[in-house]
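Inspection log for the structure reproduced underneath, given as C-alpha cells.
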Amino acid sequence: MTTVKSDFLNILQERDFIHQVTDLEGLDAKFTAAEKSNGLSAYIGFDCTGSSLHVGSLVQIMMLRWLQKCGHKPIVLLGGGTTKIGDPSGKDESRRLLTDADINNNLAGIRSIFDQFLTFGEGKSDAMLVNNAEWLDKLEYVPFLREIGTHFTINRMMTFDSVKLRLDREQPLTFLEFNYMILQAYDFMELGKRYDCALQMGGSDQWGNIVNGMELGRRAAGLQLFGLTTPLITTADGKKMGKTADGALWLNEEALPAYDYWQFWRNTQDADVGRFLRLFTEIPVDEIKRLEALEGSEINEAKIILANAATAMCRGENAASTAHKTATETFEKGGAGADLPTINMDAKILTNGIVAIDLFVEAGLGTSKGEVRRLIKQGGAKVNDVKITDAEQVIGNNDIIDGQIKLSSGKKKHVLIKTA
RNA sequence: GGAGGGGUGGCCGAGCGGUUAAAGGCACCAGACUGUAAAUCUGGCCUCGUAUGAGUACACAGGUUCGAAUCCUGUCCCCUCCA
C-alpha cells in the first residue's frame, strides 16, 4: 500500500475506509497542500427516499466527520433533485416517485442527523448542506442537452452495471432513470464550479457515477476532480450492514430508540469488533488494536466501548450512558433499567387482571397468541424475571413491583408495563 | 405475431386427484452450552383453542369430483425460444 502524507488520507487508510481511489498520489498531494492552507472541500451525496438514514450510511458520514476534523470542508449533498428520478443502481425495479412534500419532509429528517455528526456554519472548515434541486430544478432541456449531452455517449452509458443489469434481465429502464447518472455527474461538476469541491466520496457502488462526474467536470469545465469509494460494509456472517430482520437500524431517535441502537453495537460479533471500532468510532488506532486483541469474555469490554462511542456520537453522551446503565442493570444485575421499552396500560386492566398471553401480545412480545403460547411452553417468557409456565396465569396489581411489571421474551427482549 | 414453461408459506424450492397445513433449505423465535459473541445441539415457526380439534391457505375467479395445490375454463402476471 502506498504511504500517504496527508492527515486525512492517512486516517482513512489506517482505519480501512478506502476501497478505490482514482488517483491516490494526486489526491494526497492535493490534500497535503490544502492542509497547510485553506483545506479542501469534498462531498458525499445522500438521497432523500426516506426521512432517516440507517447504519448503512454511517461509513460515509464518518468520512465527512474525519474530513472536518482534518480541517477540510465537508459538503453534504442531499439529492432533492435526483430523488425525483431515482438511482437505478442495484434496484430491480423503478422506485416510486416521491412528491415534493415527501422529499422536503425527508430532507428535514436527514438534516437533523447530520447536525449530530458535523458542525455547520460559515467558517472555512464548517460543513455545508446543499440540495441539488437548487440547480437541477432549473435546468432547461435543450441547453442542457447541448452543453452536457454531448459529453456522454449512449455506447458508454450502456456499459454501466446499473444500466446493463436491467437490460440483460429485460427489465424496463425508463428514460428518466437512464438520466440519473448524467445528473449525478452534473452535480459533481456543479459543486466543483461553485464551491471548488474536488473530491466525491461514496460507497463502492457509486464508482461508476463518480468517474462519470470526474470526466464531465474535466471535459465541460476543465476541472481536476477526484473520486474515492468505501468498501461495502458487511458483518462477519456476510450480511449487509444496517438491516436486520426486525427492520433497519435507523440513525434518527424517532425511528429507533437509543437503547436499541446501543444494543445493536453491543451485540456485534467478535470478528467485527476491530473493524467496527475503526470505522464507527474515533478511538485511536493503538487503543483499538489492544481492544480487538482481547480474548474470550474480555472482548465484551470492547463491545461496550464500541456501543458507548457509537451511541454517543449519534445520539449524544446522555443517551449513551443511559442506555449503558439500562443494559448493565438489566443484564448484569437482572433488574430493569429505565431505558427499556415501556408500555403504558390502563390501570383498570391490571386491577381486573389480565391473562399472561394477552399481556405479552399487548406488549408486543409476540404477534399472535399462538406465538406467545409457544414462548411460554419453551420457557422463554418471564414476568418480573420469574419464568411462567401457565399461559392462562392472570397478571394483576399483585405483580406490580416499584410501579412496573417487567416482561421478558428470551434473554434480550424486555418490556416494562406501567399504569397510566 | 408463433411455440413452449411457470406463478406454492417471509424467501428459495418439492409436491402434480385422497395418507398434504403442504418435503427440504434459508431466514426468524425460544431452550441448552457460553461471554447479551460465533459455532453446535434441541424444540418451534398460518390463525383460534389446554388438547383431541376447528378455521383459513398453494396468483385470481369459476367449474368437474364423494374429495383439488394437484384436472378443466376464463383472467392477470412472469420466463424461455422462434419471428
Side-chain angles (χ1 to χ4, degrees), chain A residues 92-94 165-173 234-249 257-277 280 288 291-308 310-311 320 322-337 339-341 355-383 385-394 406-415:
Chain A
D92 286 359
E93 40 187 68
S94 311
L165 238 67
R166 285 272 189 100
L167 294 181
D168 286 351
R169 295 194 208 146
E170 294 189 26
Q171 281 160 339
L173 176 75
T234 52
T235 56
D237 47 18
K239 285 180 200 132
K240 222 171 162 176
M241 277 285 281
K243 302 259 172 78
T244 67
D246 299 327
L249 285 146
Y259 175 72
D260 293 322
Y261 190 76
W262 194 92
Q263 280 295 319
F264 165 72
W265 296 107
R266 171 64 249 262
N267 284 315
T268 299
Q269 299 176 32
D270 289 7
D272 286 328
V273 171
R275 211 155 43 99
F276 286 5
L277 280 167
F280 303 115
I288 292 175
L291 290 171
E292 69 185 337
L294 292 174
E295 303 244 335
S297 61
E298 292 193 339
I299 200 162
N300 282 332
E301 186 201 326
K303 292 184 189 180
I304 290 170
I305 291 172
L306 169 65
N308 280 337
T311 309
T322 313
H324 183 195
K325 223 167 91 198
T326 295
T328 309
E329 274 170 37
T330 310
F331 287 97
E332 286 168 33
K333 299 183 190 144
D339 216 11
L340 289 178
V355 177
I357 304 184
D358 293 331
L359 185 63
F360 272 77
V361 172
E362 204 54 35
L365 289 173
T367 50
S368 69
K369 292 185 180 185
E371 200 175 307
V372 173
R373 227 181 283 277
R374 264 174 247 130
L375 183 71
I376 294 172
K377 206 187 286 174
Q378 300 189 120
K382 290 185 201 138
V383 174
D385 298 307
V386 178
K387 197 184 284 182
I388 55 173
T389 47
D390 179 9
E392 302 298 326
Q393 185 177 331
V394 176
K406 180 185 175 196
L407 302 183
S408 313
S409 161
K411 275 179 285 201
K412 293 191 197 172
K413 275 179 289 180
H414 309 277
V415 171

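Proteins get letters first, then strands, A, B, ... in listed order; numbering begins at 1 in each.
A distance of about 22 Å separates the C1' atoms of B:C66 and B:C58, rounded to the whole Å. For the C1' atoms, the distance from B:U8 to B:C77 is 15 Å, rounded to whole Å. Comparing the C1' positions of B:A51 and B:A22 gives a spacing of 23 Å, expressed to the nearest Å.
Between atom CZ of residue A:Arg275 and atom CD1 of residue A:Ile288 there is a gap of 12.5 Å, rounded to the nearest 0.5 Å. Here A:Glu292 contributes atom CD and A:Glu295 contributes atom CD; the two are 11.5 Å apart, rounded to the nearest 0.5 Å.
Contact between the side-chain N/O atoms of A:Lys413 and the OP1/OP2 oxygens of B:U36 is not found at any separation under 4.0 Å. For A:Lys303, no side-chain nitrogen or oxygen approaches OP1 or OP2 of B:A38 to under 4.0 Å.
Contact annotation for A:Lys382: no contact, since no heavy-atom pair falls under 4.0 Å across all strands. Using a 4.0 Å heavy-atom criterion, one finds that A:Trp262 contacts the bases of the nucleic acid, with or without backbone contacts as well.
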Q: Classify every nucleotide of nucleotides 42-50 of chain B by which part a protein heavy atom approaches to under 4.0 Å, writing B for the base, S for the sugar-phosphate alone and - for neither, in 5'-to-3' order.
A: -BSS-SSSS
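For A:Ser409, whose side chain is taken as the heavy atoms from C-beta onward, the closest listed nucleotide among B:G35, B:G31, B:A30 is B:A30.
The partner of B:G55, taking Watson-Crick or G-U wobble pairs whose two distances both stay under 3.5 Å, is B:C46.
When each of A:Tyr259 and A:Leu375 is assigned the nucleotide of RNA chain B bearing its nearest heavy atom, the one mapping closer to the 5' terminus is A:Leu375.
Atoms CD (A:Glu332) and P (B:G35) sit 12 Å apart, rounded to a whole Å. The CD1-P distance, from A:Ile305 to B:A37, rounds to 18 Å in whole Å.
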Please set out all donor-acceptor pairs under 3.5 angstrom arising from side-chain atoms of residues 385-394 of chain A, sequence neighbours excluded.
from, atom 1, to, atom 2, distance (Å)
A:Asp385, OD1, A:Lys406, NZ, 3.0
A:Asp385, OD2, A:Lys406, NZ, 3.3
A:Asp390, OD1, A:Glu392, N, 2.9

Could you list the donor-acceptor pairs under 3.5 angstrom formed by side chains in residues 370-378 of chain A, with sequence neighbours left out?
from, atom 1, to, atom 2, distance (Å)
A:Glu371, OE1, A:Thr367, OG1, 2.6

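In this structure, A:Lys325 contributes its side chain and A:Gly337 its backbone to no donor-acceptor pair below 3.5 Å.
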